[in-house]
Amino acid sequence: MRALRLIAIILFVGCSSEDNRLTDKNIHLHKLTKLYVTGDFDGDSKEDTIYQHNFSKLFNTEIDSSADPFYNAWDTVAKWFYNQQSDVYLTINKSNQDSLHLGTAQGLYCLLNIGDNNSDGKDEIAFVVDYCDFSNLNSCNIYSFCNNKWANLLQFDIHEDAFIFSSGTTPTFKNIKGYLERQDKHWIFKDYNKQGESQMKQLRLTKCR
């Protein structure tokens with residue numbers, strides 16, 4: 001989808017003179033997709049669920065419907081989320097747990113449980129944020145829940161062409177094609193900006209501290 005966004009970066013964040021809350025009359029809205037993933041993320045041998053949220057700091061409420069990128073120009077969509085003071089974040093379905101805040105974005109391209117790669121008794125997650133920018137370059141982040149806090153174990157670059165699709169319905173991505181894939185019992189990955197590494201290699205993560 002974002003491969004079509006060949007538009008120069010527009011500085012619009014400071015447009016405070018305009019109405020911050022765009023209505024149905026101004027823009028075509030759609031139900032915002034929010035991902036979730038299950039696994040044992042805190043190491044207690046019980047299934048947890050991680051939920052994606054998108055919260056409007058301006059109106060102090062969850063964003064359920066948003067500007068539709070299939071019906072509106074991308075700069076309009078991006079401006080809509082910035083005007084809402086959007087905050088994408090992840091939570092675990094347990095009380096008093098740390099939230100992982102990811103900033104202003106439309107949402108996530110993917111949210112994956114990649115299993116326990118560092119043998120610490122907890123599953124790790126991998127995700128790519130759908131930021132409100134004008135670049136096709138992005139990064140995959142791998143996090144673990146460590147000492148009751150989220151810890152970033154690895155970040156590597158990808159290209160968003162991995163998420164191009166032709167159907168009318170946005171698919172739920174189970175991997176990042178060409179950058180993070182499951183092979184037999186292992187995950188393999190490749191960093192887009194390390195041009196000398198043409199082959200994907202096995203993902204090996206260290207334990208968080």
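Note that the structure is predicted; figures quoted are calculated from it, not measured. FYI, the numbering just counts along the sequence from 1.
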Please find out if less than 6.0 Å separates the ring center of Y143 from that of F127. yes
Parallel under 30°, tilted from 30 to 60°, perpendicular over 60°: which one fits the rings of Y71 and H28? parallel
Non-hydrogen side-chain atoms of K207 and K122 separated by less than 4.5 Å: no
Taken to the nearest 0.5 Å, the spacing of K57 NZ from I63 CD1 works out to 11.0 Å
Validation: residues 43-52 side-chain donor-acceptor distances under 3.5 Å, sequence neighbours left out:
| from | atom 1 | to | atom 2 | distance (Å) |
| --- | --- | --- | --- | --- |
| D44 | OD1 | K46 | N | 2.9 |
| D44 | OD2 | K94 | NZ | 2.5 |
| D48 | OD1 | K94 | NZ | 2.9 |
| D48 | OD2 | F41 | N | 2.8 |
| D48 | OD2 | D42 | N | 3.4 |
| Q52 | OE1 | L35 | N | 2.9 |

Stepwise, does the salt bridge (Lys or Arg N to Asp or Glu O under 4.0 Å) test hold for E181 with K174? CA-CA 8 Å; E181 300 178 2; K174 301 299 184 182; over 6 Å; no
Decide whether E160 and Y109 meet the rule of one side-chain donor and one side-chain acceptor closer than 3.5 Å. yes
N/O donor-acceptor pair under 3.5 Å between D123 side chain and N113 backbone: no
Side chain to side chain, H186 and L203, heavy atoms closer than 4.5 Å: no
Report yes if some heavy atom in the side chain of N54 is under 4.5 Å from a heavy atom in the side chain of S66; otherwise report no. no
Anything under 30° is parallel, anything over 60° is perpendicular, the rest tilted; go ahead and classify W74 against F134. perpendicular
Just say parallel, tilted or perpendicular for the rings of Y89 and H53, cut-offs at 30° and 60°. parallel
Side-chain donor-acceptor contact under 3.5 Å, H101 with D87: yes
Side chains of I142 and I114 in contact at under 4.5 Å (non-hydrogen atoms): yes
For the residue pair W80 and N72, establish whether any side-chain heavy-atom pair is separated by less than 4.5 Å. no
So, N117 side chain and R204 main chain: donor-acceptor pair closer than 3.5 Å or not? no
Do D157 and S139 have a side chain donor and acceptor closer than 3.5 Å? no
